[in-house]
Amino acid sequence: MSTASQTRTRSEAVFSAAQRLMPGGVNSPARAFGAVGGTPLVFERGEGAWLYDVDGNRYLDYISSWGPMILGHRHPRVVEALHRQVDRGLTYGAPTEAENELAELIIDAVPSVEKVRLVNSGTEATMSAIRLARGYTGRDVIVKFAGNYHGHVDSLLVAAGSSAATLGVPNSPGVTAGTTKDTLVLSYNDAPGLEAAFAEHGPRIAGVIFEPVVGNMGCVVPSEAFLTALRKLTTKHGALLIADEVMTGFRVAYGGAQALYGFEPDLTTLGKVVGGGLPIGAYGGKAEIMDHVLPAGKVFQAGTLSGNPLATAAGIATLRTLRDEPPYEQLEHLSARLAQGLDDAATEHSILHTIARVGSMMTLFFHSEPVTDWNIASRCNTKAYSRFFWGLIDRGVYFPCSQYEALFVSAAHTEQDIDATLAAAREALAAKAP
Ligand SMILES: *Cc1c(COP(=O)(O)O)cnc(C)c1O
């Protein structure tokens, strides 16, 4: 698989043109490779576990379009469902039977969801969920955790993860102090801190939003004490618990992190896998709360293309496949092998590291202690990660272009793919710092 003669001249030309046309040459910041330096690869095709760039190089894909492609690229059931829908029109702006089916699949899968509303992105889902939490409780304050990313919602763009963390702009210009004054930022996995915040601000807190497994400061695992405190304190103080499962939903388990860990949030946000690669988001929860959304209730939320037939078709095909032929055991097996192999390789080359993994989400952190919050995550050796990243690219393996993004194993990966990835990783980690 090693492609020593790899050239990337066409990627460079396309990206150079892109920089004259789009801010930073991209439509979403992480893609610009700011965290690892160098020129982004420009892709033209995906097939199973592989991505093909415009120079004709191929790469084993561990980004999965940042999560959605859990079945791999061009899964036949998803492709077929899309073709079938294209032949019947693209969008009607009116109810369809397929929306019922996707809603039912979500409700059946995600334990705490009794009613659901489809939207067009994860950002829309979290934005709508916090509006609902505020509308329902009649309170203003939302609690979030440093290093957790909930999309580019103004009031949640404080101490945000993902590219906000990578680029060191956790507080974006354009987000006013007025907008964020009702956002309380706490440390992840800090149950005593949460308790103290409720003791001080309890009657003003509408809800707590969190990533039940963090993906957006690299993969960070929740402690049992933290999950318990979240549910107990929100219930005690009449605030809503909002699990942002945009990344973890249908990823760490079919029913998401709440099924895996056995906790019951009041509201859940979904995205990524739920659209099978098309733009989608969803938020849902107890019927009694969801019925406060317009037109059943008074909390406004709308969307021209919400529940659009193409995204709905791709979502249904993806969820049905995940339900009928669950890949989760195989994902666990391959992911455990990958994590163990990366751990061994880093140990062999005396590299300070720690690995966090939940199912098919994981991160090799270039840091010696377990990463439990953003304070620790922010001290990783990001230069070492960048070298590792480019060493893998040279060997045909596409890992996340930032230390602070989780990698994903997909159902299209094979034992041989994992072997090849580990061989590439051993070589990349052996390469000495310049
Ligand atoms: C990706 C992500 C979002 C934002 O979703 P978009 O579709 O990019 O708007 C929100 N929350 C979490 C946990 C995510 O991983």
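Both ligands and their constituent atoms are indexed starting at 1 by order of listing. These numbers were taken from a predicted model, which means no experiment stands behind them.
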Who's the nearest protein heavy-atom neighbour of [atom], and how far?
| atom | value |
| --- | --- |
| atom 5 (O) of ligand 1 | Gly122 CA, 3.2 Å |
| atom 3 (C) of ligand 1 | Val246 CG1, 3.7 Å |
| atom 1 (C) of ligand 1 | Lys272 NZ, 1.6 Å |
| atom 8 (O) of ligand 1 | Thr123 OG1, 4.5 Å |

Counting heavy atoms only, name the option from Asn216, Val213, Asp244 that's nearest to atom 11 (N) of ligand 1.
Asp244
Taking the basic N atoms (NZ, or NE/NH1/NH2) and the acidic carboxylate oxygens, is any pair closer than 4.0 Å for Glu47 and Arg74?
yes
Considering only NZ, NE, NH1 and NH2 on the basic side and carboxylate oxygens on the acidic side, decide whether Asp140 and Arg134 come within less than 4.0 Å.
no
Test side-chain hydrogen bond (donor to acceptor under 3.5 Å, both in side chains) on Ser335 and Arg357 and set out the steps.
CA-CA 8 Å; Ser335 305; Arg357 180 180 76 84; 4.8 Å; no
Polar contacts were defined as any N/O atom of the residue lying under 3.5 Å from an N/O atom of the ligand; does this apply to [X] and ligand 1?
| X | answer |
| --- | --- |
| Ile280 | no |
| Thr126 | no |
| Glu211 | no |

Centroid separation under 6.0 Å, is that true for the rings of [Y] and [X]?
| X | Y | result |
| --- | --- | --- |
| Tyr404 | Trp374 | yes |
| Tyr52 | Tyr59 | no |
| Phe198 | His237 | yes |
| Tyr398 | Phe43 | yes |
| Phe399 | Tyr62 | yes |
| Phe33 | Phe389 | yes |

Would you mind listing which atoms of ligand 1 come within a distance below 4.0 Å of any non-hydrogen atom of [X]?
| X | answer |
| --- | --- |
| Met247 | 15 (O) |
| His150 | 10 (C), 11 (N) |
| Ser121 | 7 (O), 9 (O) |
| Gly151 | 3 (C), 4 (C), 10 (C) |

How does Glu124 reach ligand 1, by side chain, by backbone, by both or by neither, if only non-hydrogen atoms under 4.0 Å count?
neither
